Amino acid sequence: MSDTIFSALFLGLLEGLTEFIPVSSTGHILLAGHFIGFESAGKTFEVVIQLGAVLAVLGIYAAKVGRTVAGLPTDPQARRFAGSSLLAFLPAVIVGVLAHDVIKEVLFESPRLIASMLILGGIVLLVVDRLTLAPRHHDADRFPMARALGIGVIQCLAMIPGVSRSGATIVGALAFGADKRSAAEFSFFLSMPTMAGAFAYDLYKNRDILDWSALNEIAIGFAAAFVAAILVVRWLLGYVSRHGYALFGWWRIIAGTVVLVALGMGY
């Protein structure tokens, strides 16, 4: 197996394994790419493999999405769920469009910033996980509109690589009264419009510099992300219901510290 193919497989698996757990898939992909020397013009590879993870969660929740869409004309609950999801998605649209160039050209190019955000986010996750909260919302379908909008605003913090989209939405949902399982599930639902929108806008912004010559590597990374994400989504809800989020907080702190040490040593 060539080094390029191996790198594509490794990064695809890493994307799928980390996209839906609160450890920052973007941070992991960018840091891994830095250390193994993997780059793609316009971040084509990194952008496209995210779609594999999107399709994985869409496939798992296809029946639910289908029922929601079919029920929009007649079912008030379906309209409420669709409305809350879109309302939570709206802040990311506004901030993403306005700050796209700064995010990609400045924040994505700073491994030390990413590692620092991993550590800071890990500390926040540990603190929130240990708080004695009294959950008021146990069904991700029924989050109040105001709560959904608040979660969407907090999600915008994840545009800083290393923060974690899933981590920000989960912490936001917990802070607004969701239990651990529904917080993770709402994060899954919100990922579909958010990641699909980011994917489409990224491709549009980079359409003149995208490198499609490495289709084999892109296809391998896409497939690996898809399979790995399916496994993670199916596992995560049961795990967090029983054990919470401490494991992911400690992982972030350890990973971020190791990266800062490695960077300090000149790697």
Side-chain angles (χ1 to χ4, degrees), residues 11-29 45-72 78 81-93 96 137 139-143 148 151-152 154-156 158-159 163-174 178-203 218-241 245 248:
L11 292 175
L13 289 172
L14 188 61
E15 162 64 28
L17 291 172
T18 58
E19 182 59 56
F20 298 108
I21 62 176
V23 299
S24 180
S25 64
T26 300
H28 278 67
I29 293 295
F45 178 87
E46 292 85 347
V47 170
V48 174
I49 63 171
Q50 287 186 347
L51 187 60
V54 175
L55 292 179
V57 75
L58 179 59
I60 291 173
Y61 286 103
K64 183 178 186 61
V65 172
R67 288 195 301 271
T68 300
V69 173
L72 289 176
F81 175 52
S84 64
S85 298
L86 292 175
L87 190 61
F89 168 54
L90 183 61
V93 175
H137 308 296
D139 189 341
D141 295 13
R142 298 177 180 273
F143 283 5
I151 294 168
I154 293 173
Q155 178 181 233
C156 294
M159 294 184 188
V163 169
S164 170
R165 186 206 60 79
S166 60
T169 55
I170 286 170
V171 168
L174 292 172
D179 65 11
K180 291 175 180 179
R181 182 184 179 91
S182 65
E185 194 164 32
F186 189 78
S187 177
F188 294 160
F189 296 143
L190 186 53
S191 74
M192 287 184 267
T194 300
M195 292 168 61
F199 167 78
Y201 190 66
D202 244 4
L203 288 186
I218 292 172
I220 290 170
F222 181 97
F226 177 83
V227 173
I230 287 178
L231 297 175
V232 167
V233 170
R234 292 189 181 281
W235 163 80
L236 183 62
L237 291 178
Y239 178 86
V240 299
S241 297
Y245 296 98
F248 309 115

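No experiment lies behind these values; they were computed from the predicted model shown.
Residue S85 holds its OG atom at 12.5 Å from CG of L90, rounded to the nearest 0.5 Å. The distance from atom CG of L86 to atom CZ of F81, rounded to the nearest 0.5 Å, is 9.5 Å. One distance of note links CG of L11 with NE2 of H28; it measures 12.0 Å at 0.5 Å rounding. The CG atom of L174 sits 10.0 Å away from atom CD1 of I154, with the distance rounded to the nearest 0.5 Å. With rounding to the nearest 0.5 Å, the separation of CG in L236 from CZ in R181 is 9.5 Å.
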Could you pull out all donor-acceptor pairs under 3.5 Å where a side-chain atom in residues 12-19 meets a protein atom, sequence neighbours excluded?
unit_1, atom_1, unit_2, atom_2, d
T18, OG1, L14, O, 2.6
E19, OE1, S25, OG, 2.8

Kindly list each side-chain donor-acceptor pair under 3.5 angstrom involving residues 56-65, sequence neighbours excluded, with atom names and distances?
unit_1, atom_1, unit_2, atom_2, d
Y61, OH, E185, OE2, 3.4
K64, NZ, D141, OD1, 2.9
K64, NZ, D141, OD2, 2.3

Side chains of residues 164-171: which donor-acceptor pairs under 3.5 Å do they make with residues two or more places apart or in other chains?
unit_1, atom_1, unit_2, atom_2, d
S164, OG, S24, N, 3.4
S164, OG, S166, OG, 3.3
S164, OG, G167, N, 2.8
R165, NH1, S187, O, 3.3
S166, OG, I21, O, 2.8
T169, OG1, R165, O, 3.0
T169, OG1, S166, O, 3.0
T169, OG1, S187, OG, 2.9

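Applying the ring-ring contact (aromatic ring centres under 6.0 Å, His included) rule to F248 yields the partners Y239; only residues at least two apart in sequence or on another chain are considered. With sequence neighbours excluded, the residues that form a salt bridge (charged side-chain N to carboxylate O under 4.0 Å, His left out) with R142 are D139. Judged as a side-chain contact (heavy atoms from CB on, under 4.5 Å), and not counting sequence neighbours, the contacts of P193 are F89. When the side-chain contact (heavy atoms from CB on, under 4.5 Å) test is applied to A223, no partner is found at least two apart in sequence or on another chain. Residues satisfying the side-chain contact (heavy atoms from CB on, under 4.5 Å) test with F143, not counting sequence neighbours, are H137, I151, A173, A178, S182, F186. Listed by chain and residue number, nothing satisfies the ring-ring contact (aromatic ring centres under 6.0 Å, His included) test with F222 (two or more places apart in sequence, or in another chain).
Sorted by first and then second residue, the salt bridge (Lys or Arg N to Asp or Glu O under 4.0 Å) pairs with a member in residues 218-227 form an empty list; sequence neighbours excluded. Within the structure, the salt bridge (Lys or Arg N to Asp or Glu O under 4.0 Å) test picks out no pair touching residues 48-60 (sequence neighbours left out).
Between A229 and A53, the shortest heavy-atom contact is CB-CA, 3.9 Å. The heavy-atom pair separating F226 from G52 by the smallest distance is CD1-O, 3.3 Å. Counting all heavy atoms, side chain and backbone alike, T194 lies closest to A92 at CG2-CB, 4.5 Å. Nearest heavy-atom pair, A183 versus Y245, reported as atom, atom and distance to 0.1 Å: CB-OH, 4.4 Å. Pairing each heavy atom of A225 with each of I49, the nearest pair is CB-O, 3.5 Å. When all heavy atoms of Q155 and A88 are compared, the closest pair comes out as NE2-O, 4.0 Å.
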